[in-house]
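A quick note: this is a predicted structure, and the numbers were derived from the prediction, not measured.
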Amino acid sequence: MKKDLKTEITKEKIMRAATEEFALFGFDGATVNQICQKHGISKGLIYHNFDSKEQLYLTCVDQAVNEFISYMNPYKFGTDFSLYMKERYSFFETHPYYSRLIFSLVPTADEKFSEQIKSVTDKFDEFNKSVYLSAIDSIKLRPGLSKKDALEYYTLLQNMLNGYLSGGKAPENDFDSVFHHHEKRLEKILDIILYGIAEKESIK
């Protein structure tokens, strides 16, 4: 086996193990020793491939976000938020550790590390905003309401929902059911933001 291919396989094995531990226990709760002991990986091998626990964590999270975006990109959702949420939920159902990783990202005491975490969350948020903006571009906004207004309202509500998962309010042992509820609420909120509270048939 070629050296480059062997290195890539080794990295993937480390990241699969680290993704599971970080998803289940968070950055602070998961340790390199824990990853090594539970998954049969030597500490030397981890530090040969990753400079630090922080780099390993960021690499795992960045991969989760990139795979999510790659999965969603081919779709043209328009105003069909039910399709958007269906595919979004399907991805996270197939990759349950990714949902825990992405929605448990919180700032740390290390300012530089927090900035790096934010760069990953920004990429995820920007993609989701682009889907919403595409939907806005497909409809005629009512007088007095700008695209900026609609986006600010969307951002406010999504941040509130995401905060429920990342702010410690979701029971750790019941994350999956809480996440499912979160996604259902988000789908309803997106629909309300786009069409308001009036019956769609009554909109002239």
* Asked: Any donor-acceptor pair under 3.5 Å linking the side chain of S90 with the backbone of K86?
  ->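 Such a contact is absent between S90 side chain and K86 backbone.
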
* Within the distance-only criterion (no hydrogens, no angle test), does the side chain of S134 pair as donor or acceptor with the backbone N or O of S130 below 3.5 angstrom? ->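 No; judged by distance alone, with no hydrogens or angles, the pair does not exist.
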
Which value, rounded to the nearest 0.5 Å, describes the distance between [X] atom [atom1] and [Y] atom [atom2]?
X   : Y    : atom1 : atom2 : value
C60 : Q55  : SG    : CD    : 10.0 Å
L56 : E21  : CG    : CD    : 11.0 Å
S99 : Y89  : OG    : OH    : 8.5 Å
L24 : T19  : CG    : OG1   : 10.5 Å
E54 : T59  : CD    : OG1   : 11.0 Å
H95 : L101 : NE2   : CG    : 12.0 Å

* **Validation row: Y47, V32 side chains within 4.5 angstrom (heavy atoms)** =>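 A side-chain contact exists here, since the closest heavy-atom pair is under 4.5 Å.
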
* **Heavy-atom side-chain contact between L83 and E87 under 4.5 Å** =>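 A side-chain contact under 4.5 Å exists here.
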
* **Atom NE2 of H39: over 12 foreign heavy atoms under 6.0 Å** =>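 Atom NE2 in H39 is packed in, count exceeds 12.
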
Of all heavy-atom pairs between [X] and [Y], which one has the smallest distance, and what is that distance?
X    : Y    : value
K53  : T31  : NZ-CA, 4.4 Å
A135 : T79  : O-CG2, 3.7 Å
D149 : G144 : OD2-O, 3.9 Å
K13  : G40  : NZ-O, 4.0 Å
F25  : A30  : CB-N, 3.7 Å
L45  : I14  : O-CD1, 3.8 Å

What residues, two or more places apart in sequence or in another chain, satisfy salt bridge (Lys or Arg N to Asp or Glu O under 4.0 Å) together with [X]?
X    : value
K118 : D122
K129 : E126
K123 : D62

* Measure centre to centre between the rings of F103 and F124, then say whether the value is under 6.0 Å. =>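 Yes; F124 has its ring centre under 6.0 Å from that of F103.
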
* Asked: Taking the six-membered ring for Trp, is the centroid-to-centroid distance between F22 and Y97 below 6.0 Å?
  ->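 No, they do not, as the ring centres are separated by 6.0 Å or more.
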
* **Non-neighbouring partners of Y153 that pass ring pair (Phe, Tyr, Trp, His ring centres under 6.0 Å), sequence neighbours left out** =>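 None.
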
* **Any residue meeting ring pair (Phe, Tyr, Trp, His ring centres under 6.0 Å) with F50, in chain and number order, not counting sequence neighbours** =>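 Applying ring pair (Phe, Tyr, Trp, His ring centres under 6.0 Å) to F50 gives none.
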
* To do: Go through the steps for F68 and N128 under the test side-chain contact (heavy atoms from CB on, under 4.5 Å), then give the verdict.
  => CA-CA 11 Å; F68 169 78; N128 289 305; 4.0 Å; yes

* Begin with the C-alpha distance, continue with both residues' side-chain angles, and end with the deciding distance and a verdict on side-chain contact (heavy atoms from CB on, under 4.5 Å) for T10 and H48. => CA-CA 10 Å; T10 299; H48 176 74; over 6 Å; no

* To do: Test side-chain contact (heavy atoms from CB on, under 4.5 Å) on I117 and F27 and set out the steps.
  => CA-CA 11 Å; I117 290 174; F27 175 77; over 6 Å; no

* Anything under 30° is parallel, anything over 60° is perpendicular, the rest tilted; go ahead and classify F91 against Y71. =>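 Rings of F91 and Y71: tilted, as their planes differ by 30° to 60°.
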
* salt bridge (charged side-chain N to carboxylate O under 4.0 Å, His left out) partners of residues 136-147, not counting sequence neighbours, each pair once ->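 Passing the test, one end in residues 136-147: D137-K147.
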
